[in-house]
Structure formats: C-alpha cells, structure tokens
Amino acid sequence: MTKETAGAQPGRDFIRDIIDADIAAGRNTDVVTRFPPEPNGYLHIGHAKAICLNFGVAQEYGGRCHLRFDDTNPTKEEQEYIDSIKHDVRWLGFDWGPHLYYASDYFEQLYDWAEHLIRAGKAYVDDLPAEEMRAMRGSLTEPGRNSPYRDRSLDENLDLFRRMRDGEFPNGARVLRAKIDMAAGNINLRDPVLYRILHAEHPRTGKKWCIYPTYDFAHGQSDAIEGVTHSLCTLEFEDHRPLYDWLIENLPAPSRPRQYEFARLNLNFTVLSKRFLTELVREGRVSGWDDPRMPTLAALRRRGVPPAAIRNFVRSVGVARANSVVDVAMFEHAVRECLNKTSQRRMAVLRPLKLVIENYPIGVIEELAAVNNPEDPASGTRRIAFGRELYVEAEDFMEHPSPSFYRLSPAREVRLRYGYLVTCREVVKDAAGEVMELICTYDPATYGGNAPDGRKVRATLHWVSAVHAVPAEIRLYNPLFNAPDPGAGGDFLADLNPRSLEILTQSRVEPALAAAGQGEAVQFERQGYFCADLDSTPKRLVFNRTVGLRDSWAKARASGG
RNA sequence: UGGGGGAUCGUCUAACGGUAGGACAGCGGACUCUGACUCCGCCAGUCUAGGUUCGAAUCCUAGUCCCCCAGCCA
C-alpha cells in the first residue's frame with residue numbers, strides 16, 4: 001500500500017465509531033461487511049467509496065467483506081456487468097477471498113421464508129394491477145387503503161403463491177405483499193411488494209424462476225444468511241431500515257445484521273447516476289463505459305489513474321451522513337500526489353515548433369543523461385539524443401513576450417533541459433506570418449545545462465530531437481461537463497462540454513516512450529501525467545493525458561497576468 | 001396539518017461539555033535545470049433566536065433552510 005494522503009488519517013468516522021461501540025459492548029465479536037452491487041452497469045468512483053468503506057472496515061477490524069451481487073431483477077442485469085464489477089473491485093485493490101455471493105444463491109431460501117410469512121399471516125398475494133395498487137397506496141400526506149385481497153385465507157395465499165412460482169400467471173398479474181400497515185407514515189411499510197412475477201431469464205439461474213424477490217425482501221435476508229454484521233448503504237435506504245428490521249424480526253433469520261447509512265459520493269462537473277452514465281454510453285456521447293472521460297473505474301483505469309490514488313482520495317473525503325458534493329480538484333490532487341512519486345519522467349512535445357541551432361555541428365548527435373524520476377533516485381537515468389534540429393513546445397515561444405512570460409523569445413536565452421543554453425536569433429515565418437521555425441545559437445560551454453560563468457536563465461524548456469523523436473497521438477481530456485451540477489438546468493446532455501476531448505496528431509515524443517506499457521504512468525515533463533492508451537500500438541502510439549501538472553503560468557495568463 | 005434524515009471556512013471533514021483543527025481550492029513568498037514537486041505564510045466556518053452551564057459546534061426549546069420517500073428498480 002502506498003503512502004496515505006497527507007492529513008487524511010485512515011478511518012475515523014461515525015461508522016467506525018459504531019463498530020467500536022458494538023465491539024466494546026460485546027454485541028459483535030467479529031465484523032462482516034459486504035459490497036452489494038446490482039450488475040446493471042459499470043462501477044464508478046462513487047462505488048469506490050462504498051468499496052473502500054466496506055472492505056476497509058473489514059480489513060481494519062480483522063473481519064471479512066463479501067462481494068455480493070444483488071441480482072434480483074433479471075430484466076436489467078447482465079453477465080457483462082458481473083464480470084466488469086469483479087474486475088474493477090480487484091483492480092481497486094480488494095479481495096473478497098472465497099466470499100463471492102449472489103442474492104440469487106438464496107432464491108430457494110427466500111422463497112421458503114416467503115411461505116413462512118404467509119403461514120404467519122404476515123404476507124398475502126395481491127391481484128391488484130400496478131396502477132390500482134399505486135392509487136391505493138395513498139400519498140405522502142394521506143394514508144393508503146387496504147387491498148380487497150388483503151384478507152385472503154392462508155391456504156388461498158399459499159396456493160396462489162405456489163402457482164405464481166409455477167408460472168401460471170403472466171407478468172404483473174399478482175404480487176406477494178407483506179402485511180404491515182397501509183396507514184404507516186413510512187410508505188415502505190404500506191404492505192411492500194416482496195415478490196413479483198417476471199418471466200425473464202436470469203444470468204445465473206436461467207429459467208428456473210419466474211418470480212423474483214424485491215430488493216427489500218432479498219437484501220437484509222442475504223445479509224442475515226451471510227452473517228453480515230454491519231450492512232452499510234447509502235442515505236436513500238434510510239426509510240427502508242424499518243422494513244429491513246421488520247423482515248429480520250419476523251423471519252427465522254440465522255443472524256441479526258444492522259443497517260447503517262452514509263452519504264454517497266458526489267463530484268462537481270460529473271454525473272454518477274447510473275441512468276445518466278448508461279445514457280451517455282447508449283447514445284454514443286462517449287465511446288463506451290471505459291471512455292477516459294467517464295467517471296467509471298474502467299475509464300479511470302484506462303485514463304491512467306492508479307488505484308492507490310482513488311483509495312487515497314476516498315479516504316481524504318471521509319464518511320459522513322450529510323449530503324455533499326466534493327470538488328473534483330480534490331480528486332485531481334490525489335491523482336497528482338500519487339503519480340508524482342511513482343511516474344518516470346519523459347520529454348514529449350505536444351505542439352511542435354522546430355528549433356534549429358545554427359552553430360551546432362551538422363550530423364553530430366550527443367547523448368545526454370536525463371533523470372528518470374527526481375522523486376525516486378533509485379529509478380536512475382536514461383540517455384537522450386541531442387542534435388542540431390529539435391522540436392520545442394510552440395507555446396514556449398512568444399515573439400512579443402508579455403512581462404510575465406519568461407520562456408523563449410527573440411534574443412532571449414533559455415535552457416534546453418539536460419542540454420544547453422540556447423538563444424533565439426531569428427524567427428522564420430510563412431507567408432501568412434505564422435512562426436514556422438526558430439533559428440538559435442547555443443553556448444557549447446553549457447553542456448548539460450549549466451553555465452560555467454554561473455549565469456542564470458529563467459526558463460528551462462523540454463524538447464525532443466527532430467530526427468530521433470517518434471510521432472504520437474495525444475488525447476487531452478477536459479471535464480465531460482462544463483456545469484458544476486450537470487442537469488441542474490433540466491437536461492444534462494445540454495451541459496456536455498464540447499471540448500472534453502482534444503486530439504493532438506502532430507506530437508513528437510522521446511523514443512523511449514515507444515516502449516511504454518499500456519496504462520503505465522509517465523510524466524511528460526512540464527505537461528502532465530500520461531499513459532499509453534488501449535488503442536496504442538508500437539506502430540501508432542497513442543497517449544492519454546491522465547491529469548495535467550499544476551500550472552501557475554496558465555493561471556496567471558488566464559487571469560490576464 | 002405524512003414519515004425519515006441533515007446543516008461547521010468557497011468545498012470535504014474533525015471535535016463526543018473545556019484553545020473550532022486538517023485537507024482541497026484561492027492568495028502571497030522561498031526554493032527550483034519541470035512556472036512541477038517541496039517548504040513557509042495568509043484568507044476563511046459552527047443555520048437563526050432563546051435557554052441550561054464557570055464554560056456550548058456539542059445539551060434543551062422554538063424556528064429556518066436543504067435532502068430522501070408515493071417502482072411489481074436497487
């Protein structure tokens with residue numbers, strides 16, 4: 001495990017306080033948690049919070065955390081999602097060991113418990129069509145009314161429920177409902193549906209079932225079966241807790257789990273709702289679930305975000321019960337912090353401008369030593385080729401520099417990193433007045449970048465040798481949305497940032513980068529952190545910008561400095 | 001005149017009746033062969049009004065504002 005985010009001490013939050021108290025009071029001897037995704041989409045950074053919390057807590061208390069798929073709705077769930085979720089949880093750095101479960105593992109037991117409730121007079125089969133059931137549920141301010149089917153005999157209920165299972169009825173014809181209280185202030189207690197008829201093939205149980213338990217009937221019971229002690233979920237399930245408890249208390253549950261709710265993670269300039277993410281994918285607004293602009297774990301991985309950065313970020317955000325929106329800057333900070341320590345430095349010129357050193361001998365190539373990672377001396381140095389013709393970053397030159405611009409400009413001397421001090425002598429332009437090339441001279445006495453007379457230059461530029469550099473495509477990502485709360489205006493697609501992806505095709509990179517492994521993070525000096533994309537091949541290099549370096553110059557420039 | 005939650009610097013989060021602290025962001029400076037990193041400094045907060053108390057973010061009372069719930073979704 002990498003070093004923790006500064007200032008973010010591992011886990012002190014109300015959840016851990018509760019567990020401490022439970023242990024101190026002897027209510028629990030061990031801690032069992034679970035991460036219970038529904039396999040109907042890809043995991044995203046918000047899930048990372050739940051994953052880190054559940055697995056983290058289990059780890060800290062020497063307990064265990066189960067991965068359990070909440071696969072109770074076959075009309076929405078797919079094997080593809082099951083596979084991706086397992087992959088992503090593992091990638092994030094967590095291990096469920098042998099504890100991989102599915103709510104569908106418990107369908108038979110759940111069915112038996114449903115009959116148990118019927119026999120106890122606490123559940124009944126209702127023939128009301130969905131619309132009528134809704135109408136009779138009442139409203140937020142008015143109580144509901146009892147269904148005319150509420151007082152069927154036990155035998156009739158049992159018979160009907162069995163025939164539901166046997167497939168005698170079409171979808172929606174009947175449901176099994178808990179008999180609780182149609183006048184309850186908490187709408188979840190107004191005879192909630194426990195089972196519905198769904199003639200659909202399930203990714204795991206195939207065609208065995210045509211009735212499926214609802215979330216409420218499956219979740220808490222699955223927890224009890226698995227011996228989960230602390231069932232952690234998000235705030236919107238708070239209202240379900242009385243039902244969760246009611247079911248456990250009215251069933252011969254093998255253990256007594258407790259549900260606790262925490263606030264889900266929200267990020268500004270980001271959407272995390274499954275519906276919105278699915279829509280982005282289905283409508284082709286992004287290239288897929290792993291489009292590097294997406295907040296999914298698959299996308300972050302492709303973009304080059306290390307799992308440790310996500311873990312540190314989640315830790316730094318904390319766990320509380322108040323709704324909140326975290327600034328994405330905090331996430332980017334965690335990414336930079338992690339990458340700064342671990343990534344090798346390379347030179348890459350995103351928008352090349354040719355620089356010719358007129359007094360440098362033609363045909364001569366020098367090998368210069370470049371530090372791989374100043375944060376990690378053990379990473380050593382590499383050799384880079386220097387010659388008469390180079391490329392520098394176009395934005396590192398200004399013909400008429402503003403006062404705060406201290407990079408290259410006519411007659412000004414700067415350092416080429418690890419190379420020499422060069423002075424711009426002439427600006428070559430095309431007919432349209434575009435700067436095409438810079439003619440410079442170098443000071444041979446400044447080999448390696450140091451002047452023997454001790455004179456200083458303000459700027460150090462990155463560069464590549466024109467004959468050695470290899471072409472690459474570079475993809476620059478900007479926020480997918482340009483509104484802090486996408487969709488607040490009614491249509492989240494209207495808030496899409498048209499410049500969320502910028503593709504640079506003329507870039508030239510240091511030859512060593514041709515060997516960069518996919519997903520391996522590198523820092524392009526003075527630019528940011530990058531990694532080879534999935535699309536990258538030895539013949540056609542493609543790099544993603546994971547995140548840019550902090551850039552006080554860009555900031556000053558933007559504010560008119 | 002339903003039920004359930006929540007309000008602490010711009011943002012996220014600590015405090016468990018005893019100096020309101022940290023992180024991010026912002027601003028300023030030092031350092032620098034990355035306008036990066038690092039370091040230093042500054043800015044900035046207890047929703048309101050009462051009450052209890054030697055002492056209140058914390059306890060009490062009354063308000064205000066925000067979030068969630070009327071799927072046979074999870």
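To find a chain, count down the sequence lines: A is the first, B the second, and so on, and within it residues start at 1.
- Atom P of B:rC42 sits at a distance of 38 Å from the matching atom of B:rU52, rounded to the whole Å.
- Counting any heavy atom pair closer than 4.0 Å across all strands shown, A:E238 reaches sugar-phosphate atoms only and no base atom.
- Residue-level contact check: A:P484 touches neither bases nor backbone, having no heavy atom under 4.0 Å from any strand.
- The base-pairing partner of B:rC47, taking Watson-Crick or G-U wobble contacts with both distances under 3.5 Å, is B:rG63.
- A:R137 comes within 4.0 angstrom of the backbone, heavy atoms only, and of no base.
- Here B:rG55 sits opposite no nucleotide as a Watson-Crick or G-U wobble pair (both hydrogen-bonding atom distances under 3.5 Å).
- OP1 or OP2 of B:rG71 has at least one side-chain nitrogen or oxygen of A:R134 nearer than 4.0 Å.
- Across the C1' atoms, B:rC47 and B:rU8 are found 10 Å apart, a figure rounded to whole Å.
- Heavy atoms of A:V175 sit under 4.0 angstrom from at least one base atom.
- The aromatic rings of A:Y215 and A:H240 sit perpendicular to each other, their planes meeting at more than 60°, with 30° as the lower class boundary.
- Residues A:F386 and A:Y420 bring their aromatic ring centres within 6.0 Å.
- Contact check, A:S139 against B:rG2: no side-chain N or O comes under 4.0 Å of OP1 or OP2.
- Between A:Y102 and A:F69, the two ring planes are parallel [angle under 30°; tilted spans 30° to 60°].
- B:rG10 sits 30 Å from B:rG17 when the C1' atoms are compared, rounded to a whole Å.
- Proximity of A:K456 to the phosphate of B:rU32: no side-chain N or O atom is located under 4.0 Å from OP1 or OP2.
- With both ends at atom C1', the span from B:rG28 to B:rU13 equals 26 Å, rounded to whole Å.
- Minimum atom distance to the side chain of A:Y406 is reached by B:rG35, of the listed B:rG35, B:rA14, B:rG6.
- Although no hydrogens or angles enter the test, the distance criterion places a donor-acceptor pair under 3.5 Å between the side chain of A:R382 and the main chain of A:V371.
- Using the six-membered ring where Trp is involved, A:Y111 and A:F161 have ring planes that are parallel, under 30° apart on the 30 and 60° scheme.
- At the heavy-atom level, A:Y195 lies nowhere under 4.0 Å from the strands shown.
- Looking only at side-chain heavy atoms (C-beta outward), A:V422 and A:E413 stay at 4.5 Å or farther from each other.
- With B:rC72, B:rC12, B:rC73 as the candidates, the nucleotide lying closest to the side chain of A:V193 is B:rC72.
- With both ends at atom C1', the span from B:rG45 to B:rC12 equals 13 Å, rounded to whole Å.
- Between A:S316 and the phosphate of B:rC24, there is no side-chain N or O to OP1/OP2 separation shorter than 4.0 Å.
- By the 5.5 Å and 30° criteria, A:Y215 is not stacked with the base of B:rA74.
- Counting any heavy atom pair closer than 4.0 Å across all strands shown, A:F524 reaches no nucleic acid atom.
- In this structure B:rC42 sits in a base pair with B:rG26, meeting the Watson-Crick or G-U test at under 3.5 Å.
- Syn is the conformation of B:rG71, whose glycosidic angle sits no further than 90° from 0.
- Counting non-hydrogen atoms under 4.0 angstrom, A:V371 reaches nothing in the nucleic acid.
- Closest approach to the A:I187 side chain among B:rU34, B:rC69, B:rC12 is made by B:rC69 (side chain taken as heavy atoms from C-beta onward).
- Judged by atom type and distance alone, A:D239 reaches the base of B:rG3 through a side-chain donor-acceptor pair under 3.5 Å.
- Of the possible donor and acceptor atoms, one in the side chain of A:D191 sits under 3.5 Å from a partner among the backbone N and O of A:I180.
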Next item on the list: Begin with the C-alpha distance, continue with both residues' side-chain angles, and end with the deciding distance and a verdict on salt bridge (Lys or Arg N to Asp or Glu O under 4.0 Å) for A:R241 and A:E261.
Entry: CA-CA 9 Å; A:R241 183 163 15 102; A:E261 311 86 16; 2.6 Å; yes
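- Nucleic acid contact class of A:R174 (heavy atoms, under 4.0 Å, all strands): none.
- Using Watson-Crick or G-U wobble geometry with both donor-acceptor distances under 3.5 Å, B:rG17 finds no partner in any strand shown.
- The CZ atom of A:F14 sits 12 Å away from the P atom of B:rA15 (whole-angstrom rounding).
- A:N188 places a side-chain N or O within donor-acceptor distance of the main-chain N or O of A:D239, the cut-off being under 3.5 Å.
- The separation of B:rA57 from B:rA7, taken at their C1' atoms, amounts to 11 Å, rounded to a whole angstrom.
- Judged by distance alone with a 3.5 Å cut-off, a donor-acceptor contact links the side chain of A:D17 to the base of B:rC16.
- Using a 4.0 Å heavy-atom criterion, one finds that A:F331 contacts no nucleic acid atom at all.
- With both ends at atom P, the span from B:rU64 to B:rU48 equals 15 Å, rounded to whole Å.
- Within the nucleic acid shown, A:N450 comes within 4.0 Å of at least one base atom, counting heavy atoms only.
- A:F237 comes within 4.0 angstrom of a nucleotide base, judged by non-hydrogen atoms across all strands.
- Distances shorter than 4.0 Å separate none of the side-chain N or O atoms of A:R12 from OP1 or OP2 on B:rA15.
- With P as the reference atom, B:rC16 and B:rC40 are 26 Å apart, rounded to whole Å.
- Checking the phosphate oxygens (OP1, OP2) of B:rA36, a side-chain nitrogen or oxygen of A:S552 falls inside 4.0 Å.
- Judged by distance alone with a 3.5 Å cut-off, no donor-acceptor contact links the side chain of A:Q527 to the base of B:rU34.
- Contact check for A:V125 versus A:V175: no side-chain heavy atoms found under the 4.5 Å cut-off.
- Among B:rG5, B:rG26, B:rG2, the nucleotide with an atom closest to any side-chain atom of A:R550 is B:rG26.
- Between the CZ atom of A:R336 and the P atom of B:rU38 there is a distance of 11 Å, given to the nearest Å.
- Put simply, A:R321 has no side-chain N or O that comes within less than 4.0 Å of OP1 or OP2 on B:rG5.
- Across all strands shown, A:V325 has heavy atoms under 4.0 Å from sugar-phosphate atoms exclusively, and none from any base.
- Within 4.0 Å (heavy atoms only), A:T75 reaches no atom of the nucleic acid at all.
- In this structure, of B:rG2, B:rC69, B:rA7, it is B:rA7 that holds the atom nearest to the side chain of A:A322.
- The nucleotide whose nearest atom lies closest to any side-chain atom of A:R345 is, among B:rG35, B:rC73, B:rU34, B:rU34.
- Applying the 4.0 Å criterion to OP1 and OP2 of B:rU34, one finds that A:H462 has every side-chain N and O outside that range.
- The residue A:P374 sits close to a base: some heavy atom pair falls under 4.0 Å.
- Within the structure, a side-chain polar atom (N or O) of A:R526 is placed less than 4.0 Å from OP1 or OP2 of B:rG35.
- Note on A:R196: a side-chain N or O is less than 4.0 Å away from OP1 or OP2 of B:rA74.
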